[in-house]
Amino acid sequence: MSTIRDKLREYRTAGYYTEFEYHWTMAVDLDRCTGCEACVVACQAENNLPIVGEKRMRQGREMKWIRIERYWDDSEYPNARLNFIPMLCQHCDEAPCEIACPVFATYHNQDGLNAQVYNRCIGTRTCAVYCPYEVRFFNWFTYTWDEPLEQQLNPDVTVREKGVMEKCTFCVQRINRAKDLARDEDRRVADGEAQPACAQACPTDAIVFGDRNDTDSAVSRKLEDPRAYEVLKELNTHPSVVYLKNARAPLAGEEDDGHHGDESESHASPVMWPDESSEAVA
Amino acid sequence: MLSRRDIFKYLAGGGVGVGTGLLLGEVNQRPLETLLSTHIPPEDFSPGMDTWYNTLCRMCQAGCGISVRVREGRAKKIEGNPNHPVSRGGTCALGQAGLNALYNPDRLRSPMRSDGEGGFVESSWDEALDAIAPRLGAMQSAGMGGRTWILTGGLLSSGEEALDKFREALGANVLRLGLDTPATELAAAKAMYGFSGFPHYDIAKADLVVSFGADFLGAWRSPVGYAKAYGEFRQGGDGHRGYLVQVEPRMSLTGANADEWLPARPGTEGTLALALAADLLGRRGPDAAPAGWEGLAGAPSLEEAAALADLPAGRLHALAERLAAAKTPLVLGGGAAGAGANATEALTCVASLNRILGAAGTTVRPNLAHAPRYSTLSEIEEFVAKAANGEVSLVIVAGVDPLHDLPDSLGLRGALDRAELVVALDSFPSDTASESDWILAADTFFETWDDDISLPGSGRLSVTLQQPVQKRLYDTLSVTDIVLQLAQRSGGALAEALPYEDAEAYTRSEWATAWANLGIQDDFEAGFRQVQQQGVWVADLAEGMADQFSAEATAPAAPSEAQFAGDASEYPFVLHPFQTPGLREGKGARLPWIQELPDPQTGVAYGSWVEVNPATADELDLKDGDVVEVSSQTGSVTSPVLRYPGVRPDVIAMPLGQGHQANGRYAQGRGVNPASLLAALSDGSTGALAWAATRVALRKTGERVRLTKTSGESRTLGRQILGPDDEH
């Protein structure tokens, strides 16, 4: 008979999670994503995210389980390019946050979800420090809603209080609802039946969600795309969120140019057009 | 009675949650029956179960179909309606935040009467209507209806139609207001396609989209419908990937997603398009040109256009080649390109490209012919002049907030001050409503009946039904109800024109009449019930609509030189006001989810900022957060600087939508309103306000603030976050 200590050791050994009943996976096509942020508000509405207010936001305490990160490339005006990438909990199969939690408030569930048990959480915030994706949010305060905004709250989702960590759940309430229904009808959850709020809202269908165990599912097909990659793959976290790289070609004249352009030229004029001399465009 | 033990059982069931079906079935259901035994719930109300209603989103003018999740009689979540031909199941950030309007703590809860000292006191519907209706009745019988002015938006819904019938019966005047109205776009479409309506742009089918100023992924006309199409345009699955070129002085959300962003000098878009048109005609030979189009009189060469627009000629040549090589190209025009003093001429040149490329009829298709007319600047001036002469007795403001959305230079504030009585029909104490004598508290769109014909449409005839998804939260009436009640209480022709009990009866009657006119003989009740379920009525009348596309159009004329208000030496920058996907012209500012939503491109939340090109900022010694005074000939505002690499060095850009003087706790006093700076300049052809043609000066105030901004590092620093080899 194994002791709790043994179980703990086993649980914290890499490779402990190998098979899941459903292996929920999200594919985000960055070529479709426009950065419109419909997903951000949809998540806020579905998951009872608090309105933290301007003051807290300035203190860096915004609560957004999914956010749009923006990255400028290294070029200057007029060739500067902006890239968007939605960032949310990656539900890593080798999650750094899970091995960190002293009380198992964050753990891996039977579906490969990285779950957060609010009433176990004691607020050490270690998981947030360990997370390389910065997608965990701590409730420094008990946030309230200006009446009657609280009437909108989703009855399927717990309202969190001061002292607990929270993050994206892949809308576990929707997954559970779909699983309940499927179980009642003695079948597996059909592809597309469980959709997190962000995927459902997305106006460009950039977010595809489904079961990776089902090789015919839409998300499994996305994983085969040559553009598919994992963010910070070198950390071996095995994320359940896979991105499809934006297919935009580099601007003409930039391919051979690894640095910020010729110094003497950039002093001559703030407006630099690398392809001014050549008429070729990719 | 519910015993203590039952309560514990019930709580246990709730706590375990939906993961345990067996427990739920055994524990959760019986106590709930006991709980509700004393009254009979409505048919569609079962505890713990969702009810979904398909209805219409009224957060902007796009007219998307939504599905609202209702639980225990309260709307909980908005989703897209997959049946809807425009939005096809998608939603946008603003649409998602619609529930913030319904449950907004600062919504008006009953009719309000001004106390004459800037405050308001609660009133009742009887008191309010009895204070207004007798005046209407008196004006009507004296034939002085012309002393009433109705300030409202476009004319696309049954509710707006009711207001128009009311106006007609009274003989009143109307102003159809908005900052970014499609007036110039409609005029250009009429000139080039011979079609009175807003064209349907089939972005999904295109392999090349060139957009002159139209931020169709951000805030232009129908962002959700266009975004749906954009997804297919980029990765439709048939192997082709569409190529997007965006021509605009400030990188919009669409510009940020474009393959090429061409920051043309403001006001030169038309000339650019004309040069491209002439170049394409030259390539295709004289036979391919439409009759009378040979040579395109006054068209500059690509080199001349490039010099004028301050773009490299190489880029324009490449663009012309792309256009010539594209199989299904599509050219769009709008936004700031449709808001200069030469806007209609410019957009006509832009639309002419679609004619030459054969896009007209393939990727540009006719829509339901419906051309709302918006008021010209001179009509607004006429109203202001009449008000100054004391010839305006009553102003009814319905669904618009002109004191915020329109420039101060129009003089509307003074005009409303001088009008004898101003009545606002609004759900919120908007900037305009707060200056009124009466605010008649209106429903939100979740609580009443209406419908909408989407202006950007779907290329098919579709009408979206708006139906209540829950009971009214407060003592409010819909705008249509108020209009009907006022008409009934005024008597005479007004009562005869609008003999309906309420908005539901009126909406049903409008649909019944419309169907009868179209020769649809089906059982109305059954048909209407089906529309209630689907949320939208779609009819395939595309055949009839195609006839409205004229086969011929006259060649576009060279656009006149761009005019700007303000001297370039004194006001060196062109002000580029833009709409963010959340705030738009200002409707988003009262919604806390939108205030807290970082702007997609800059990451700024909760406020305003001034985008300055880094080179210009260096010249003026401006860093992020330096507060500057932005002044035009007619006004000035102060706001912090944000160095933005996506804006021309001779242009400064500011987001619209903030700077409210009222409008509830989330909006009031937050940020500044660049619309207030705009000069009263109009487009030469349509008389529409040219909102992108004001010059401004920048002055550093010395003050510095920290922007509320969410983004961290703006470079990937070799972390390959955007994919393998994303860095050089």
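So that the names make sense, note that chain A is the first sequence line, chain B the second, and so on, each numbered from 1.
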Where on [X] is there a heavy atom nearer than 4.5 Å to chain B: the side chain, the backbone, both, or neither?
X: A/Y229; value: side chain
X: A/R67; value: neither
X: A/C33; value: backbone
X: A/A206; value: neither

Looking only at heavy atoms and a cut-off of under 4.5 Å, which of A/L153, A/V40, A/N246 has the most pairs with chain B? A/L153
I'd like to verify something: which residue of A/T204, A/I68, A/L232, A/D29 has the highest number of heavy-atom pairs under 4.5 Å with chain B? A/T204
Identify which of [options] forms the greatest number of heavy-atom pairs closer than 4.5 Å to chain A.
options: B/L99, B/T710, B/V224; result: B/T710
options: B/L253, B/D618, B/T580, B/L102; result: B/L253
options: B/G607, B/G90, B/A256; result: B/A256

By side-chain contact (heavy atoms from CB on, under 4.5 Å), which residues pair with B/A605, not counting sequence neighbours? A/M57
ring-ring contact (aromatic ring centres under 6.0 Å, His included) filter on A/W72, not counting sequence neighbours, yields B/Y644
Can you sort out the partners of A/F209 under ring-ring contact (aromatic ring centres under 6.0 Å, His included), two or more places apart, ordered by chain and number? A/W24, A/F170
Heavy-atom cut-off 4.5 Å, strictly under: side chain, backbone, both or neither for B/A258 against chain A? backbone
Applying a criterion of heavy atom separation less than 4.5 Å, what residues of residues 43-53 of chain A form contacts with chain B? A/Q44, A/A45, A/E46, A/P50, A/I51, A/V52, A/G53
